[in-house]
Amino acid sequence: MSKKIVIVGGGFGGVYTARALARMDRQYDVTLINRTNYFLFTPLLHEVATGALSEESVAEPLREVFRKTNVKFLQAEVTSVNRKNKTLVAGQDELGYDYLVLATGADTNFFGASKDESCFTLKNLDDAVRMRDHLIDRIEQASAEENTEKRKELLTFVVVGGGPTGVELVAEMAEFVFDTLCDGYTKTSIKKSDARVILIHAGQVLLGQFSPKVQNYARKTLENKGIELLLGTRVQKISDGRVYLSEEEIIKAGTIVWTAGVAAQMPDFNDEPVLDEHKRLKADEYLRLAGEVDVFVLGDVAGDKGESPMLAQVAVSQAKMVAGNICASIRNKKLRSFVFKKKGMLVSLGQWNAAGDIGPFVLKGRFTWWLWRTIYLFKFNSWRKRLRIVFEWTINLFSARDTTRA
C-alpha cells in the first residue's frame with residue numbers, strides 16, 4: 001500500500017520537498033496543501049511593491065508546477081494537527097497521513113512594538129500590490145496638497161528593518177519615488193527635495209549576515225541614493241502615520257513598512273510540540289519534529305540544531321534532505337543528518353547594483369546585479385514565467401516603472 005505523505009505549505013520548503021519526492025518515487029501518494037493556489041517567489045516581492053514587476057510574474061500556479069507529477073494539490077488552510085491519530089484538518093476536510101511535512105513559513109515579528117493599520121508589511125502578494133498602489137496614491141495626494149508641511153509628510157517613506165528584505169525594498173523604493181514618481185510630476189508643485197526615504201534599523205550595521213565589506217558597500221550605496229539611515233535606533237510604536245522612536249522623537253510619514261523580523265507560524269496541535277528558544281518547532285538532526293519519527297519540519301518554522309538562518313536557500317537545501325529521509329524511512333534505511341552549507345548570499349541594491357559574499361570572495365556592482373537576477377530567474381519552474389520576467393526587466397532598462405494604479 002502506498003504511503004500517504006502530506007506536505008503543509010506551498011513556499012520554498014514545501015514545493016521543493018514535493019518536487020524531490022516526485023522525482024524519487026512516483027508511487028508515493030503525495031498531497032501538497034496551501035492556502036493559496038500558487039507558489040509565491042517572495043525574494044522578488046519588493047520589485048512588485050515598487051512597480052518593477054507585475055504581480056503575475058512572481059506567482060506560479062501550483063497545479064501547473066505539479067501537472068506532470070504524482071503530487072496532488074489541495075487549496076485549504078490547515079488549522080489543526082492530531083499527531084496521535086495522524087490526522088489533520090484542512091478547510092472542511094480531515095486527512096490522514098503516514099508522513100507529515102510542516103513547511104508553514106513565517107509571519108512578521110514586531111518584537112513587541114505596537115502598530116496599527118497605517119503600517120505595511122511585505123509577506124504576501126496582496127501586501128506588495130497594496131504597497132505599490134499606496135505609493136502611487138501618496139504621490140497623487142501630495143501633488144494636490146498646497147500645504148508644504150503636509151506635502152512633505154505625505155512624501156516621507158519609512159522602512160523599518162536593515163536585513164536583506166528591508167535593504168532591497170528601500171533601495172527600490174528610493175528609485176521608484178525619486179526617479180519615477182517625482183519625475184512624473186514635474187508640472188505640479190512636487191520637488192524631489194520634498195521627498196524623504198528613511199531606513200530605520202535597530203542594529204549598528206546593515207545586513208548582519210554579510211561580511212563587513214558588503215555591509216559598508218550597502219550603506220554607502222543607500223546613502224548615495226539619498227536614503228537617510230537611522231542605525232542603532234529602535235521603533236517603540238507605529239500609530240496613525242507616526243513612527244515613535246521615543247516619546248520625544250517622532251517621524252511623521254505617509255508610508256511606513258515593517259520588515260524587521262519574522263516569527264514562525266504553525267497550525268494548532270492536539271498536544272503542544274516542543275519549541276526552541278526562538279519559538280520554532282524543535283527538530284532533531286534529521287529534521288524530524290522532536291519526539292516524532294513521521295513528522296518532519298523545515299524552513300522558517302523549523303528550529304534545527306544548527307540554527308540555520310531563515311532563508312530560501314536553507315529551505316531548499318532542507319527540502320531535498322527531508323524528501324530523502326522520508327524515502328529512507330519508508331525503505332528502512334539510514335537517515336542523513338542535515339548540515340547547512342552556505343553557497344553564498346547576494347543582495348540587490350537597486351537598478352544595476354548588487355553585492356554579496358560567495359565563499360571568500362566579495363562581489364559588488366553591475367556583474368553581481370546580473371548574477372543575482374540570473375540565479376533568481378532560474379529558480380522559477382516554468383520557462384513561461386522566466387520569459388515574462390526577462391521581458392519586464394528588459395523594458396525597465398529603457399523606460400520608467402509602471403505607475404498604473406490597480
Side-chain angles (χ1 to χ4, degrees), residues 11-13 16 40-50 52-53 57-58 106 122 159 161-176 197 199 201-225 227 229 231 257 259-262 299-300 306-320 339-380 386 389-390 392-394 396-397:
F12 282 95
Y16 275 79
L40 178 63
F41 199 85
T42 51
L44 291 179
L45 273 182
H46 65 280
E47 294 206 16
V48 176
T50 53
L53 287 175
S57 295
V58 299
L122 190 59
V159 175
T165 301
V167 167
E168 291 181 337
L169 174 63
V170 81
E172 296 282 345
M173 185 180 289
E175 294 179 2
F176 192 47
V197 179
L199 178 63
H201 183 50
Q204 296 295 332
V205 296
L206 300 173
L207 302 171
Q209 296 171 332
F210 288 78
S211 67
K213 288 185 178 180
V214 172
Q215 293 169 353
N216 291 333
Y217 182 77
R219 177 180 55 80
K220 292 177 182 177
T221 299
L222 297 185
E223 289 175 339
N224 289 337
K225 288 179 177 291
I227 298 167
L229 302 180
L231 303 180
V257 187
T259 67
V262 293
D300 293 347
E307 294 189 357
S308 301
M310 299 167 88
L311 301 171
Q313 65 170 288
V314 175
V316 171
S317 181
Q318 289 176 333
K320 297 174 183 177
V339 178
F340 173 59
K341 297 178 181 179
K342 186 163 63 173
K343 299 177 181 178
M345 295 176 64
L346 299 174
V347 60
S348 171
L349 299 171
Q351 188 83 297
W352 293 112
N353 205 349
D357 300 305
I358 305 292
F361 304 103
V362 173
L363 305 178
K364 55 189 178 182
R366 292 194 171 205
F367 170 76
T368 310
W369 179 77
W370 174 84
L371 179 64
W372 172 85
R373 287 197 157 188
T374 302
I375 291 172
Y376 275 169
L377 186 66
F378 282 90
K379 292 290 185 183
F380 283 86
R386 294 175 189 174
I389 291 172
V390 168
E392 292 187 14
W393 277 344
T394 303
N396 290 339
L397 297 178

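Reckoned from all heavy atoms, side chains included, excluding hydrogens, waters and symmetry mates.
- Using a distance-only test at 3.5 Å, with no hydrogens or angles considered, no donor-acceptor pair links the side chain of R219 to the main chain of L206.
- No side-chain heavy atom of L169 sits under 4.5 Å from any side-chain heavy atom of L45.
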Go through D300 and V314 one step at a time and tell me if the side chain to side chain contact (heavy atoms under 4.5 Å, CB included) criterion holds. CA-CA 9 Å; D300 293 347; V314 175; over 6 Å; no

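- Inter-residue side-chain proximity for W393 and L53 is flagged as met; some heavy-atom pair is nearer than 4.5 Å.
- Side-chain N or O atoms of W369 include one that pairs as donor or acceptor with a backbone N or O of G350 at under 3.5 Å.
- Looking at every heavy atom in both residues, A218 comes nearest to L207 through CB-CD1, 3.6 Å.
- Nearest heavy-atom pair across S57 and E392 is OG-OE2, 2.8 Å.
- F12 is listed as a side-chain neighbour of T42, based on a closest heavy-atom distance under 4.5 Å.
- Note that the NZ atom of K342 and the CD1 atom of I358 stand 10.0 Å from one another [nearest 0.5 Å].
- Ring pair W372/H46 is tilted by interplanar angle, where 30° to 60° counts as tilted.
- In terms of modelled atom types and a separation under 3.5 Å, the side chain of T394 and the main chain of V390 share a donor-acceptor contact.
- For the atom pair CG of N353 and OG1 of T221, the computed distance is 5.0 Å after rounding to the nearest 0.5 Å.
- In the displayed structure, K225 atom NZ is contacted under 6.0 Å by more than 12 heavy atoms of other residues, nucleotides or ligands.
- The shortest side-chain heavy-atom distance between V205 and L231 does not fall under the 4.5 Å cut-off.
- For the atom pair OG1 of T259 and CG of L199, the computed distance is 7.0 Å after rounding to the nearest 0.5 Å.
- Within the 4.5 Å cutoff, the side chain of L311 has heavy atoms near those of the M345 side chain.
- One distance of note links CG of N216 with CZ of F210; it measures 13.5 Å at 0.5 Å rounding.
- Using a distance-only test at 3.5 Å, with no hydrogens or angles considered, no donor-acceptor pair links the side chain of Q351 to the main chain of E175.
- For the pair S211 and D357, the tightest heavy-atom approach, listed with the atom from each and the gap, is OG-OD1, 2.7 Å.
- In this structure, the side chains of V347 and E168 come closer than 4.5 Å at one or more pairs of heavy atoms.
- For the pair V167 and G162, the tightest heavy-atom approach, listed with the atom from each and the gap, is CG2-O, 3.7 Å.
- Of all the heavy atoms in T50 and E172, the pair that sits closest is OG1-CB, 3.4 Å.
- Contact of the E47 side chain with the F41 side chain is not registered, since no non-hydrogen atoms from C-beta on lie closer than 4.5 Å.
- When atom types are taken as modelled, the side chain of Q313 and the backbone of G344 share a donor-acceptor pair closer than 3.5 angstrom.
- You'll find the side chain of Y217 stays beyond 4.5 Å of the side chain of V362, heavy atoms only.
- Nearest approach of G13 to A315, heavy atoms of both residues: N-CB, 3.8 Å.
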